[in-house]
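Below: one structure, written as C-alpha cells.
Residue numbering restarts at 1 for every chain, and letters A, B, ... go by the order of the sequence lines. This is a predicted model, so every value here is computed, not measured.
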Amino acid sequence: MSKTTSDNTLPAIISHAKEYGFVFPSSEIYDGLSAVYDYGPYGSQLKKNIRDYWWNSMTQLNENIVGIDAAIFMHPTTWKASGHVDSFSDPLIDNKDSKKRYRVDHLIEGHADKLVEAGDKEAADKLIASMEALLANDDFTGLKKIIEDNKIFCSVSGTGNWTEIRQFNLMFSTELGSVAEDANTIYLRPETAQGIFVNFLNVQKSARMKIPFGIAQTGKAFRNEIVARQFIFRMREFEQMEMQFFIKPGTQKEWYAHWKEERMKWHLSLGIDAAKYRFHDHIKLAHYADAAVDIEYEFPFGFKEVEGIHSRTDFDLTRHQEFSKKKLQYFDTEINQHYVPYVIETSIGLDRMFLLILANSYEEETINKEDGTTDLRVVLHLPAKIAPNKLAILPLTKKDGLPELAKELMEDCKKSFHCFYEEKDAIGKRYRRQDAIGTPFCVTIDHQTKEDGTVTIRYRDSMLQERIALNKVKELVLAHIN
RNA sequence: GCGAAAGUAGCUCAUUUGGUAGAGCACGACCUUGCCAAGGUCGGGGUGGCCGGUUCGAGCCCGGUCUUUCGCUCCA
C-alpha cells in the first residue's frame, strides 16, 4: 500500500519549480485553474529532454519501432469501440453521512434485490422498469425521487441523506463545426493509444513493418478527473508517451515479460535509485487486458504509478474491426496465415516522469565549510542527459579579456548543447544558481586561462573542481550527455 | 465530492488586542573585489487571492468564492 509521508518535500519542490521557472500554475493572474499547470523556460526544456530521451530509446534504438503523431480529435465512434463512452456514462450519487459514492443503478438494483428476498417480486420488477426508463432519458430528478420514495438508505451510514445525482463524464467534449448539434459532438482523446490502433494498417503497410513491431507516440490527452491533485501528478490535461507493440497471438507472455524488463531498465538508465522503484502487478484487470503491471516510484506522497505495461490482447483491434467494418489483420508470411495481432502496451505519463525526476533530484544539502560554519545549498541532481542546461560558462571577472575568451567557448559549445553564459556576481553565487536549476557542469575562465589555455571545471554533485584544457571542455560535456 | 489548514513583494516569512504594510534573500544599475550564496551606494517591485458585510476606520472580525497543501473518497 502507499506509504504517506507527512514531510513537506512536495511543497518545497512546488515552490522551487515556480521560483526557477520550471512549472507555473496555469492562468495564475486569474487565480489559476484547478489542476492545470504551465511549463516555464527550464521546465519546458527538461520536459522536452525527457520526451526526446524516451522517443529515441524507442524509435532510434529499436529498428522495429516507428513513431506517429495522431490528432487529438478522433472520430466519435473510436470511443464507442474503445469502451470509453460506456464506461463513463454512469450517474453517481454520494451519501453525505458516510461519504460513500454509489452508482445510481447499482443502488436501486440492490434495493430491488431486497424486495425480491422479502417476497415482493412484483414491486421489484416495477422499480427496475421505472429506473431503466429514467436512466434512458437521463432523468436525474426522477431517479433521485425513486431513491427517496423507496426509502433507499446507505448501507454504511444507514441514512437517506443523499447529494444530487451527477453524471461524471471523464471525457471532455466539444463540437466540430460551427453548429452545435448532437451529431457533431466530438471528444478530446482520453488516451493516445487509440490513435495508434486506428492507424495500425497505415503504419504497417507504409513503413513495411513485420510482426513483431511497435508504434510509438507522445502527445496530450485529457480527462475530466473528479479529483485532480498532487501538483502535476494528476492533471486534467497531461502528456502520455505510449508504445503499442504488435505481436503474434500466443506470444504475449514472453513479450509482456520482455517489455516489463526493458522499461525498468530505461528508468534505471537515468541513474535513479532502484530502491525507489517497484512493480505493482494488477490482480483486478481492466476489460481489455490479460495481464497488467505498474511501475511505481516512491514520490514524496508515497508509491504511485508512473508507467503501465499492459497485455491488451486483440481487444482494441477487434473492436475497431467490428465498429469500422474494416479488417485490421496482418498476413504472417512465416506461417501463411491472417490474424489480428495481440498488443503489449507501454504507457508512461510524461508529466509524472517530470515530477519523478524533480523529486528524485531535489536536495537541500548542508555544507560544512572550512571555517566551521555550515551553509545550505539547494541542488537539483538532474541526470546530465536531460538537464536543461548542460554547461555554464563563467568568466571569473568581466575584465582583462576573460569575457572574450568565455564567449569564444560559448560560440563553440552552443552548437552542440544548451549552454548558459553569465558574468554577473561572485563566482560562488553563480555556481549556486546553476545548482538550483541542475546544470551539471560549470567552467570558469580565469587569468591562468590566458597563460596556459586551461580552465576550472566544477562538478555540480561533488562540487569538486579540476583544471582541464579549454579545448577539452566540449568533449568532456559531450561524453557525459550521450 | 467530504473534512482540516493555508493564501501579505519573484521566494521564505513578520506585522501580539482593528488605526491606510516591513525584513532577509532574489531582481536592476554603479563602485570595490575575485574560485563555492562577498562588501558598499542607489533603485524597481504589494488597491494584503478575489467579492461582499460589520466599523469613523479591516491584512486582522464575519460571510461567500477561487487556488493550493494534508487526510479520506475516486481514478474505466
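- Residue A/Phe231 is in sugar-phosphate contact alone, with no base atom involved, counting any heavy-atom pair closer than 4.0 Å across all strands shown.
- Side-chain N/O atoms of A/Arg458 and base N/O atoms of B/rC36 include a donor-acceptor pair closer than 3.5 Å.
- One interatomic measurement links the two molecules: CD of A/Gln194 to C1' of B/rA76, which rounds to 12 Å at whole-angstrom precision.
- Side chain A/Arg234 to base B/rC75: a donor-acceptor pair is found below 3.5 Å.
- Atom OH of A/Tyr362 and atom P of B/rC11 are 14 Å apart (whole Å).
- A heavy-atom distance below 4.5 Å is not found between the side chains of A/Leu396 and A/Ile445.
- No more than 12 heavy atoms of other residues, nucleotides or ligands shown are found within 6.0 angstrom of NE2 on A/His418.
- Note: NZ (A/Lys424) to P (B/rC30) measures 9 Å, nearest angstrom.
- A donor and an acceptor atom sit less than 3.5 Å apart, one in the side chain of A/Tyr431 and one in the base of B/rC35.
- Nearest-nucleotide mapping onto RNA chain B: of A/Tyr37 and A/Arg352, the residue sitting toward the 5' end is A/Tyr37.
- Side-chain nitrogen and oxygen atoms of A/Lys429 include none within less than 4.0 Å of the OP1 or OP2 phosphate oxygen of B/rG34.
- In the set B/rA76, B/rC70, B/rC11, B/rC11 carries the atom at the smallest distance from any side-chain atom of A/Ser15.
- Dashed line: the shortest gap from a side-chain N or O of A/Ser34 to OP1 or OP2 of B/rC66 is not under 4.0 Å.
- In this structure, A/Leu396 places its CG atom 10 Å from P of B/rC36, rounding to the nearest Å.
- In the set B/rC70, B/rC35, B/rG10, B/rC70 carries the atom at the smallest distance from any side-chain atom of A/Gln230.
- No engagement by A/Ala436 is indicated, since no non-hydrogen atom pair under 4.0 Å with the nucleic acid exists.
- At the heavy-atom level, A/Arg430 lies under 4.0 Å from base atoms of the strands shown.
- Note on A/Arg432: every side-chain N or O is 4.0 Å or more away from OP1 and OP2 of B/rA38.
- Residue A/Lys18 has a polar side-chain atom (N or O) positioned under 4.0 Å from OP1 or OP2 of B/rC11.
- Look at CD on A/Glu365: it is 12 Å from C1' on B/rC36, rounded to the nearest Å.
- Stretches of at least 3 consecutive Watson-Crick or G-U wobble pairs, with each checked distance under 3.5 Å, appear in RNA chain B as B:1-7 with B:66-72, B:10-13 with B:22-25, B:27-32 with B:38-43, B:49-53 with B:61-65.
- Here A/Thr397 does not reach the OP1 or OP2 of B/rU33: none of its side-chain N or O atoms lies under 4.0 Å away.
- Side chains of A/His280 and A/Glu305: no donor on one and acceptor on the other come within 3.5 Å.
- When the P atom of B/rC36 is taken as reference, atom CD of A/Gln465 falls 7 Å away, rounded to whole Å.
- Within the nucleic acid shown, A/Asp435 has no heavy atom closer than 4.0 Å to any nucleic acid atom.
- Here B/rU12 presents its P atom at 12 Å from NE2 of A/His16, a figure rounded to the nearest Å.
- The CZ-P distance, from A/Phe24 to B/rU67, rounds to 20 Å in whole Å.
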